[in-house]
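A short write-up of the structure that comes next.
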Amino acid sequence: DGGITQSPKYLFRKEGQNVTLSCEQNLNHDAMYWYRQDPGQGLRLIYYSQIVNDFQKGDIAEGYSVSREKKESFPLTVTSAQKNPTAFYLCASDFREVNQPQHFGDGTRLSIL
Amino acid sequence: DQQVKQNSPSLSVQEGRISILNCDYTNSMFDYFLWYKKYPAEGPTFLISISSIKDKNEDGRFTVFLNKSAKHLSLHIVPSQPGDSAVYFCAASARSFGNEKLTFGTGTRLTIIP
């Protein structure tokens, strides 16, 4: 089955630690995205990548970093510089073609201990 | 500046009746609009989309209407079923202008009453 796999489902971080969230897709999609969802808010774009070895900042990139070494993988690192990291993180991907929807993984919930 | 707005945080509808969810946008460059459905602790699921060259798109029980002059779109669900209870997000992008990023609204929680 093709899809987007995010792991882990739940993640806990101590103050001052960096953590990396995994996102893998086997849909052969060109572009991948990371979003953050907070209670009562929509999804806000953190970073996106349209091709391998290239990525751009979204609307709330501060305190986050990404890499895109393979087409299938787009890991997100939440650094200690991110002051309010507790949130639900969603990864998405699409074909970059006009009028094709983004498809989402099931998310990772990050909590601070 | 919120470019995509869903002004109703919640909506309750009787089972079998029509559910109408609304979305307004301010960016006139948006040309592709989507609706997603989301259950708690899961990722959004794509429902239906519409490009700006159309004013209506239908898929089974779901129909999306686009009014470009009013910068307004709506999702109609007929008939509403208990499994439709979820949070619905509208989203928009300016793909024809090379901007593939989606801008999301804040969501409307739909509750179907049996």
Side-chain angles (χ1 to χ4, degrees), chain A residues 3-11 21 23-25 27 29-51 54-61 87-111, chain B residues 1-10 21 23-25 27 29-54 57 59 62 64 66 86-109:
Chain A
I4 301 170
T5 302
Q6 290 188 241
S7 61
K9 183 73 173 176
Y10 300 95
L11 188 58
L21 284 60
C23 179
E24 304 277 332
Q25 55 97 1
L27 300 167
H29 283 169
D30 306 298
M32 298 186 74
Y33 308 81
W34 274 105
Y35 294 89
R36 168 182 173 140
Q37 186 188 16
D38 295 285
Q41 297 195 32
L43 281 65
R44 292 184 292 167
L45 183 64
I46 304 172
Y47 267 98
Y48 65 105
S49 168
Q50 296 175 320
I51 57 173
D54 188 42
F55 48 83
Q56 289 78 39
K57 292 182 179 180
D59 301 318
I60 54 166
F88 190 52
Y89 291 87
L90 287 157
C91 178
S93 64
D94 67 19
F95 278 118
R96 289 195 66 197
E97 292 170 7
V98 175
N99 297 348
Q100 288 293 318
Q102 287 182 19
H103 295 272
F104 285 81
D106 277 340
T108 292
R109 181 164 298 282
L110 175 63
S111 301
Chain B
D1 177 30
Q2 201 170 347
Q3 298 186 62
V4 178
K5 300 178 184 179
Q6 293 178 257
N7 293 316
S8 297
S10 62
L21 295 93
C23 181
D24 297 295
Y25 62 96
N27 188 340
M29 294 177 69
F30 285 151
D31 57 4
Y32 181 54
F33 305 89
L34 309 90
W35 284 95
Y36 285 87
K37 174 181 179 180
K38 186 180 181 301
Y39 294 118
E42 293 185 9
T45 301
F46 169 70
L47 271 178
I48 193 169
S49 64
I50 189 168
S51 73
S52 57
I53 62 173
K54 295 184 175 182
N57 190 25
D59 184 2
F62 303 94
V64 56
L66 175 63
V87 177
Y88 290 78
F89 290 98
C90 67
S93 70
R95 287 204 162 195
S96 296
F97 298 94
N99 187 350
E100 297 147 348
K101 296 188 297 180
L102 286 179
T103 300
F104 283 83
T106 53
T108 296
R109 181 176 302 278

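Here is how names work: the chains are called A, B, and so on, in the same order as the sequence lines, proteins then strands, and each is numbered from 1.
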Could you give the distance from [atom1] ([X]) to [atom2] ([Y]), rounded to the nearest 0.5 Å?
X	Y	atom1	atom2	value
A:L45	B:T103	CG	OG1	8.5 Å
A:F104	B:K38	CZ	NZ	10.0 Å
B:F46	A:Q102	CZ	CD	11.0 Å
B:T106	A:D38	OG1	CG	12.5 Å

Practice item. Could you walk me through whether A:Y35 and B:F104 pass the ring pair (Phe, Tyr, Trp, His ring centres under 6.0 Å) test, one step at a time? Key: CA-CA 10 Å; A:Y35 294 89; B:F104 283 83; 5.4 Å; yes
**Study point:** Nearest heavy-atom neighbours spanning A:L90 and B:G43
**Key:**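 Looks like CD2-CA, 3.6 Å.
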Practice item. Heavy atoms only: give me the nearest B:P44-A:L43 pair and the separation to one decimal. Key: CG-CD2, 4.1 Å
Check your understanding: Side chain of A:K9, backbone of B:A41: donor and acceptor closer than 3.5 Å?
Key -> yes
Practice item. Flag yes if more than 12 heavy atoms outside A:R44 fall under 6.0 Å of its CZ atom; otherwise flag no. Key: yes
Practice item. Side chain from CB out, backbone as N, CA, C, O: work out which of these in A:Q41 comes under 4.5 Å of a heavy atom of chain B, or both, or neither. Key: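 A:Q41 touches chain B through backbone heavy atoms alone.
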**Study point:** Under 4.5 Å from any heavy atom of chain B - which part of A:Q56
**Key:**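 Neither the backbone nor the side chain of A:Q56 comes within 4.5 Å of chain B.
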Check your understanding: Which region of B:Y36, side chain (C-beta onward) or backbone (N, CA, C, O), has a non-hydrogen atom less than 4.5 Å from a non-hydrogen atom of chain A, or is it both or neither?
Key -> side chain
